[in-house]
Amino acid sequence: MKRTINIISGVLLISLVLAGCAKKQATKQEEMVQPELTIEKPAAPPAEEKKPELKIDFSTVYFGFDSYSIEETSVSLLTEAAKLLRSYPQVAVRLEGHCDERGTTEYNLALGEKRSMAVRDYLVNLGVERSRLATVSFGKEKPADLGHNEISWAKNRRVEFVIEKK
């Protein structure tokens with residue numbers, strides 16, 4: 001009987017030892033599982049937003065000899081210029097009046113100013129804010145063509161648009 005008790009005790013003891021070892025192994029396996037490492041890539045910096053470059057091209061307005069009247073041929077040019085200026089309210093322009101080489105400096109400065117003011121007033125009548133239109137006269141000081149004939153003089157009697165602010 002004592003021998004049977006010893007055998008049962010031994011079997012129990014071995015079972016307990018095995019059961020205890022089995023749990024420890026399971027724990028070790030759980031401990032060995034490593035969490036997956038996920039490396040997040042840093043977000044790419046947002047591409048710089050480039051503003052599309054504003055390209056506005058105004059045509060030159062030409063005048064007859066000793067005149068600051070807007071000619072019929074310039075009406076469509078000024079209508080288009082007014083449309084562009086109304087579409088881009090951030091744009092301001094300088095209207096530069098020029099003359100041919102005939103006449104005195106004072107006379108041509110005054111005529112160039114009248115030409116630039118005529119273009120400004122025409123644009124204002126088409127809905128462009130006057131505050132966006134500056135005028136200046138260069139008289140005969142900045143000719144577009146250096147010739148001394150009617151073709152050259154016709155090219156010099158003009159108002160040019162210069163964009164000051166976009």
Check: How far does CZ of Arg120 sit from CG of Leu78, to the nearest 0.5 angstrom?
Finding: 13.5 Å
Next item on the list: Output yes when a side-chain donor or acceptor of Ser116 lies under 3.5 Å from a complementary backbone atom of Thr135, and no otherwise.
Entry: no
Check: Does anything in residues 155-164 pair up under salt bridge (Lys or Arg N to Asp or Glu O under 4.0 Å), and if so which pairs, sequence neighbours excluded?
Finding: Arg94-Glu164, Asp100-Arg157, Asp145-Lys155, Glu150-Arg157, Arg158-Glu160
Check: Hey, are the side chains of Val119 and Phe63 touching, using non-hydrogen atoms and a 4.5 Å cut-off?
Finding: yes
Checklist line | Pairs meeting criterion salt bridge (Lys or Arg N to Asp or Glu O under 4.0 Å) with involvement of residues 126-136, two or more places apart | finding: Asp121-Arg130
Next item on the list: Using the side chain to side chain contact (heavy atoms under 4.5 Å, CB included) rule, take Ile163 and Phe58 through it: C-alpha gap first, then chi angles, then the decisive distance, then the call.
Entry: CA-CA 9 Å; Ile163 297 175; Phe58 295 102; 4.0 Å; yes
Next item on the list: Work out which heavy atom in Ile70 is nearest to a heavy atom in Ser74; give both atom names and the distance.
Entry: CG2-CB, 4.1 Å
Notebook entry, point to check: Is it true that a side-chain atom of Lys165 and a backbone atom of Val93 form a donor plus acceptor pair closer than 3.5 Å?
Noted result: no
Item checked: Inter-residue atom distance Asn149.CG - Ser152.OG, 0.5 Å rounding -> 4.0 Å
Next item on the list: Report yes if the side chains of Phe161 and Leu123 come closer than 4.5 Å at any heavy-atom pair, otherwise no.
Entry: yes
Next item on the list: Please answer whether the main-chain N or O of Phe65 pairs with a side-chain N or O of Arg102 as donor and acceptor at a distance below 3.5 Å.
Entry: no
Check: Which value, rounded to the nearest 0.5 Å, describes the distance between Glu72 atom CD and Ser69 atom OG?
Finding: 12.0 Å
Notebook entry, point to check: Taking C-beta and beyond as the side chain, do Glu141 and Thr105 meet within less than 4.5 Å on heavy atoms?
Noted result: yes
Checklist line | Pairs flagged by salt bridge (Lys or Arg N to Asp or Glu O under 4.0 Å) wherever residues 104-116 is involved - sequence neighbours left out | finding: none
Next item on the list: Could you list who else is in Val136's hydrophobic cluster, with ILVMFWY side chains joined at under 4.5 Å, directly or through other members?
Entry: Phe138
Item checked: Same cluster (ILVMFWY, side-chain, under 4.5 Å), Leu95 and Met117 -> no
Checklist line | Under the side chain to side chain contact (heavy atoms under 4.5 Å, CB included) test, residues paired with Leu146 that sit two or more places apart | finding: Pro143
Notebook entry, point to check: Counting N and O atoms only, with roles assigned by atom type, does the side chain of Asn156 sit under 3.5 Å from a partner on the main chain of Cys99, one being a donor and the other an acceptor?
Noted result: no
Check: Are Leu84 and Leu126 connected in the hydrophobic side-chain network, where two residues link if heavy atoms are under 4.5 Å apart?
Finding: yes
Next item on the list: Mind running side chain to side chain contact (heavy atoms under 4.5 Å, CB included) on His98 and Lys140 for me, showing each step along the way?
Entry: CA-CA 6 Å; His98 299 272; Lys140 59 182 178 181; over 6 Å; no
Check: CG of Asp57: more than 12 outside heavy atoms within 6.0 angstrom?
Finding: no
Item checked: Spacing of OH belonging to Tyr62 relative to CG belonging to Leu77, to within rounding of 0.5 Å -> 10.0 Å
Margin query: Using modelled atom types and a 3.5 Å cut-off, is there a donor and acceptor pairing between side-chain atoms of Thr79 and backbone atoms of Val75?
Written below: yes
Check: Hydrophobic clusters join Ile, Leu, Val, Met, Phe, Trp and Tyr when side-chain heavy atoms are under 4.5 Å apart, directly or via other members; which others share one with Leu111?
Finding: Tyr68, Tyr107
Check: Taking C-beta and beyond as the side chain, do Leu85 and Leu133 meet within less than 4.5 Å on heavy atoms?
Finding: yes
Note to self: So, taking the atom named NE2 in His148 and the one named CH2 in Trp153, what distance separates them when rounded to the nearest 0.5 Å?
What the structure shows: 9.0 Å
